[in-house]
Amino acid sequence: MTIPRPPSSSPLSRARRIVVKVGSALLTDADTGRINRTWLETLIEDLLRLRRRGQQVILVSSGAIALGRRQLGLAKGPLRLEESQAAAAVGQIRLAHAYKELLESRDVTVAQVLLTLEDSERRHRYLNARATLQTLLSLGALPVINENDTVATAEIRYGDNDRLAARVAQMAGADCLVLLSDIDGLYTADPNIDPGAAFIEEVLKITPEVEAMGGRSASEVGSGGMATKILAARIAVSAGCHMCIAAGHHRHPVRRLEEGARCTWFVPSATPVAARKQWIAGTLRPAGAVTVDTGAQRALLDGRSLLPAGVINSRGRFERGDTVSVLATDGTEIARGIVAYSDTDAAKIMGRKSSQIEGILGFRGRDEMIHRDDLVLLNAEPAVQESVGS
Ligand code: GLU
């Protein structure tokens, strides 16, 4: 059953791919330390409602440490790193179990993805995680993501799921990120301390004043807090993704947002594809170059992808995921893009049909040498075209 999207102009209703983040305080009951199941069911129903409208959904869920510490009988108060890692090991399995039960009883396949900071900071791991997320979404699964707290040591951990969620949104090319929190949005000052604090509905630019509203500097902040949410907003909007901070403790927290509940939106200046293209065009030193024939050059100008068949030469040392220049036969740089093959593999498949790639390389990679979403034409960029689901 497909239900129509409301005519509302909310970025949430318009979005193609949405990341929703829920924090531990919402997910677990403070008194019993157990999963807040009735509430969670209403959240799941909201997410499935988005999916029925054709929107893709990724859930970033905290709660592992909170659930595990109760099970292990760890006292209240701050935990040592190894204690929180132990708690996460115990809690994550319970969390995954709850999602599996809730989603599979509604005929949705749930996928657990545990990430570390390195998965978003190292290019190879970033590309792998990105490809996995794309594949899960295209196969109709609902990815539920958390930090891999059990292995992430102090120096290499996010520690908070706000920034993790923003990285996930960036990785997945999402156009909307919703941080469900215990506060309904951003205020000019902490409303718990300053009764005169004013609510901010929309942030078009993250200025130093906006950052100051978040309170303590990022380095002092542990988990959650407004400062980490503003850092998350920075990541999201620079990737072309709208982000909102909204109160999550009511039932059906996402539906409430669409029904007009108060929240703060951070607005990007570009779409995810345009933001990615700006980033590609701005690469200072492409790792290498591929020369294309005139047929391929025409195809690129028409907004199509670069196929191996149109490549006649490759130079420089590059890996999959590096930015390379695309040159015309006279040597002028006509485009830049993120290449799907290393220089050695590119040399083997250039001039060949995409259907031959597997036979030549022994694995099935992408059909395109550079996908059009990863390609930016220099000087003659036509209107940005977004290709859905690839
Ligand atoms: N990854 C942590 C957990 O699952 C939560 C981090 C956070 O609260 O933002 O317990």
Side-chain angles (χ1 to χ4, degrees), residues 8-15 18-26 60 62 117 120-121 157-171 173-250 253-254 256-258 260-272 274-279 282:
S8 133
S9 63
S10 153
L12 181 59
S13 314
R14 284 199 309 264
I18 301 161
V19 177
V20 176
K21 179 254 166 178
V22 292
S24 309
L26 297 174
V60 173
S62 308
L117 186 67
S120 64
E121 310 305 294
R157 74 199 282 259
Y158 282 103
D160 71 88
N161 276 11
D162 294 325
R163 282 178 306 149
L164 172 68
R167 283 288 191 218
V168 166
Q170 178 188 46
M171 212 180 252
D175 34 18
C176 182
L177 165 64
V178 178
L179 299 183
L180 292 177
S181 154
D182 51 3
I183 187 160
D184 55 357
L186 178 67
Y187 290 78
T188 49
D190 184 343
N192 298 315
I193 301 170
D194 180 352
F199 186 79
I200 307 220
E201 272 182 21
E202 193 176 63
V203 177
L204 297 174
K205 195 162 193 282
I206 303 172
T207 58
E209 290 74 35
V210 170
E211 275 179 340
M213 293 171 199
R216 295 165 300 165
S217 77
S219 55
E220 295 168 46
V221 176
S223 161
M226 194 47 77
T228 65
K229 291 184 174 42
I230 293 175
L231 284 176
R234 235 181 217 300
I235 298 170
V237 296
S238 69
C241 178
H242 279 80
M243 187 189 103
C244 98
I245 302 173
H249 47 272
H250 298 275
V254 178
R256 281 187 84 251
L257 267 181
E258 287 193 298
R262 181 157 101 157
C263 69
T264 301
W265 280 106
F266 290 81
V267 181
S269 56
T271 64
R276 193 164 155 76
K277 291 198 174 202
Q278 275 163 18
W279 177 77

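In this chain, residues are counted from 1 in sequence order.
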Item to complete: Run the salt-bridge test on Arg262 and Glu201 with the 4.0 Å N-O cut-off and return the result as yes or no.
Response: no
Discussion item. Counting C-beta onward and ignoring hydrogens, is there a side-chain heavy-atom pair between Ile230 and Ile206 closer than 4.5 Å?
Written reply: yes
Worksheet item: In Å, rounded to the nearest 0.5 Å, how long is the span from NZ of Lys229 to SG of Cys244?
Response: 11.5 Å
Worksheet, complete the sentence: Closest heavy-atom pair, Ala232 versus Ala166, reported as atoms and distance to 0.1 Å, is O-CB, 3.3 Å
Worksheet, complete the sentence: Rounded to the nearest 0.5 angstrom, the CZ-OG1 distance for Arg276 and Thr271 is 12.0 Å
Fill in: From CG (Asp190) to CG (Asp194), nearest 0.5 Å
8.5 Å
Worksheet item: Which heavy atom in Gly225 sits nearest to a heavy atom in Asp162, and how many Å separate them?
Response: O-OD2, 4.0 Å
Worksheet item: Do Lys21 and Leu180 have side chains that get closer than 4.5 Å, going by heavy atoms?
Response: no
Item to complete: Evaluate the side chain to side chain contact (heavy atoms under 4.5 Å, CB included) criterion for residues Phe266 and Leu177: first the C-alpha distance (whole Å), next the side-chain angles of each, then the deciding distance (0.1 Å), finally the verdict.
Response: CA-CA 10 Å; Phe266 290 81; Leu177 165 64; over 6 Å; no
Worksheet item: Taking atom CG of Asn161 and atom CG of Leu164, what is their separation to the nearest 0.5 Å?
Response: 5.0 Å
Practice prompt. Kindly indicate, with the supporting measurements, whether the criterion side chain to side chain contact (heavy atoms under 4.5 Å, CB included) is fulfilled by Val22 and Val60.
Written response: CA-CA 6 Å; Val22 292; Val60 173; over 6 Å; no
Fill in: CA sep, side-chain torsions, deciding dist, call: His242, Trp265, side chain to side chain contact (heavy atoms under 4.5 Å, CB included)
CA-CA 7 Å; His242 279 80; Trp265 280 106; 3.9 Å; yes
Discussion item. Restricting to non-hydrogen atoms, name the atom on Ala239 and the atom on Gln170 that form the minimum distance, rounded to 0.1 Å.
Written reply: CB-CG, 3.7 Å
Discussion item. When you compare the side chain of Val178 with that of Leu257, does any pair of heavy atoms fall below 4.5 Å?
Written reply: yes
Worksheet item: Is there a donor-acceptor pair under 3.5 Å between the side chain of Thr188 and the backbone N or O of Ala198?
Response: yes
Response to the item:
Shortest non-hydrogen pair, Ala197 vs Pro191, comes out as CB-CA, 4.0 Å
Worksheet item: Hey, are the side chains of Ile245 and Met243 touching, using non-hydrogen atoms and a 4.5 Å cut-off?
Response: yes
Discussion item. Taking Arg163's backbone N and O only, do any of them form a donor-acceptor pair with Asp160's side chain (distance below 3.5 Å, no angle check)?
Written reply: yes
Discussion item. Testing the basics here: between Pro195 and Ile193, what is the closest heavy-atom pair and its distance to 0.1 Å?
Written reply: CD-O, 3.4 Å
Discussion item. Does either side chain, that of Glu258 or that of Ser10, offer a donor lying less than 3.5 Å from an acceptor on the other one?
Written reply: no
Practice prompt. Before giving the answer on side chain to side chain contact (heavy atoms under 4.5 Å, CB included), spell out for Val267 and Val237 the whole-Å C-alpha distance, their side-chain angles and the decisive distance to 0.1 Å.
Written response: CA-CA 6 Å; Val267 181; Val237 296; 6.0 Å; no
Worksheet item: With a 4.5 Å heavy-atom cut-off, do Asp175 and Cys241 have their side chains touching?
Response: no
Worksheet item: Between the main-chain N or O of Leu186 and the side-chain N or O of Thr264, is there a donor-acceptor pair closer than 3.5 Å?
Response: yes
Worksheet item: What pair of heavy atoms forms the shortest contact from Gly240 to Pro272, and how long is it?
Response: O-CD, 3.2 Å
Discussion item. Are the side chains of Pro253 and Arg256 in contact, using a 4.5 Å heavy-atom criterion?
Written reply: no
